[in-house]
Amino acid sequence: MTLSEMSFLKEVRSDALCTFLSCVFAIDRSFIGTKSDYWERFGSDTPLLIGIEIEWSESGYQTFLKWVQPSELSGPELLTIAIKAAAQFATDVAIGDVFVSEEQMPSRHLVCKHPEGVFRAIETSNGNVFDLHVEPSPIPHIQIKHFLDGSDT
């Protein structure tokens, strides 16, 4: 079971996100629902394959997507999805460092910018607004690998 998270710099509608996930995971759109529907139907004859939860904000990263699915999703797979999302929605897409606990601040992220590449970023504390300070240059692939396997802590 995997809980995955992505933040989008601009607002993205829920139907567009569901369609995107449907394409990425090659599943019919009818197998995607809310996170509460996912858990309600878990173990039933008609389970959902993905349950999503979306929060929107007026500033900072405006769309926060969380989803749960039964199969495990690795760091490199999540990054690949984020890169596709950045291209699809023409916006920056951030994924967090899964090896750092939520209590550790500032938290580290990778930001996918299409077509520029993948950048390192640090969360900036700004009240209830999620925002990132993104480094000016893309990071080399080997550093991305170290970030994703936890050897870059």
Side-chain angles (χ1 to χ4, degrees), residues 1-100 102 107-124 126-135 137-139 141 143-145 147-150:
M1 180 100 26
T2 299
L3 174 66
S4 302
E5 301 177 348
M6 265 189 235
S7 297
F8 298 77
L9 188 57
K10 73 177 190 181
E11 184 176 316
V12 182
R13 295 172 42 107
S14 60
D15 58 336
L17 291 169
C18 288
T19 300
F20 172 75
L21 291 173
S22 170
C23 291
V24 165
F25 293 107
I27 60 173
D28 188 88
R29 170 66 181 83
S30 64
F31 290 107
I32 300 174
T34 66
K35 211 159 86 170
S36 61
D37 288 343
Y38 176 90
W39 291 116
E40 191 175 292
R41 292 171 56 177
F42 189 77
S44 75
D45 292 339
T46 58
L48 291 174
L49 299 177
I50 296 177
I52 67 167
E53 182 178 312
I54 304 169
E55 296 174 25
W56 288 279
S57 175
E58 292 183 8
S59 55
Y61 278 71
Q62 295 182 1
T63 305
F64 181 58
L65 169 66
K66 291 192 261 186
W67 76 90
V68 63
Q69 65 188 69
S71 58
E72 290 296 319
L73 192 62
S74 70
E77 290 169 323
L78 181 60
L79 178 61
T80 299
I81 294 168
I83 290 168
K84 288 178 183 179
Q88 171 85 26
F89 298 111
T91 190
D92 294 3
V93 177
I95 59 172
D97 185 351
V98 297
F99 293 100
V100 176
E102 286 185 26
S107 62
R108 304 171 334 142
H109 296 266
L110 292 179
V111 174
C112 304
K113 294 174 169 275
H114 180 76
E116 295 91 347
V118 178
F119 296 74
R120 204 183 282 276
I122 299 292
E123 186 173 348
T124 57
N126 191 7
N128 292 331
V129 176
F130 174 73
D131 212 349
L132 297 170
H133 170 75
V134 181
E135 290 186 0
S137 300
I139 60 175
H141 290 293
Q143 288 182 10
I144 295 171
K145 179 188 177 309
F147 181 95
L148 293 172
D149 69 15

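Side chains included, hydrogens not; waters and symmetry mates left out as well; all remaining heavy atoms used.
Ring centroids of F89 and F20 are separated by less than 6.0 Å, placing the two rings close together. Residues H133 and F119 place their aromatic rings such that the two centres sit no closer than 6.0 Å.
For the residue pair E123/S107, the side-chain donor-acceptor check at 3.5 Å is satisfied. Looking only at atom types and distance, the side chain of S36 has a donor-acceptor partner in the side chain of T34 under 3.5 Å away.
Considering all non-hydrogen atoms of both residues, E55 and E53 come closest at OE2-OE2, 3.7 Å. Residue R108 comes nearest to I122 through the heavy atom pair CG-CD1, 3.9 Å, listed as atom of the first residue, atom of the second, then distance. Nearest heavy atoms, V68 versus K35: CG1-CG, 3.9 Å. In this structure, I83 and C112 approach most closely via the heavy-atom pair CG1-SG, 3.7 Å. Minimum heavy-atom separation, V12 to T63: N-OG1, 2.8 Å. Residues D28 and S22 come closest through the heavy atom pair C-OG, 3.9 Å.
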Output, in order, the C-alpha distance, side-chain angles, deciding distance and verdict of side chain to side chain donor-acceptor pair (under 3.5 Å) for S74 and E77.
-> CA-CA 5 Å; S74 70; E77 290 169 323; 3.2 Å; yes
Chi angles and distances behind the ring pair (Phe, Tyr, Trp, His ring centres under 6.0 Å) call for Y61, H109 = CA-CA 13 Å; Y61 278 71; H109 296 266; 8.2 Å; no
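Enclosure of atom CZ in F31 is not indicated, since only 12 or fewer non-hydrogen atoms of other residues, nucleotides or ligands lie within 6.0 angstrom. Atom CZ of R29 sits in a crowded spot, with more than 12 heavy atoms from other residues, nucleotides or ligands closer than 6.0 Å.
Of the inter-residue distances, the one linking S7 atom OG with D92 atom CG reads 11.0 Å to the nearest 0.5 angstrom. Interatomic distance, I50 CD1 to L48 CG, rounded to the nearest 0.5 Å: 9.5 Å. The line from CD1 of I32 to CD1 of I27 is 4.0 Å long, rounded to the nearest 0.5 Å. The CD1 atom of I81 sits 5.5 Å away from atom CE of M6, with the distance rounded to the nearest 0.5 Å.
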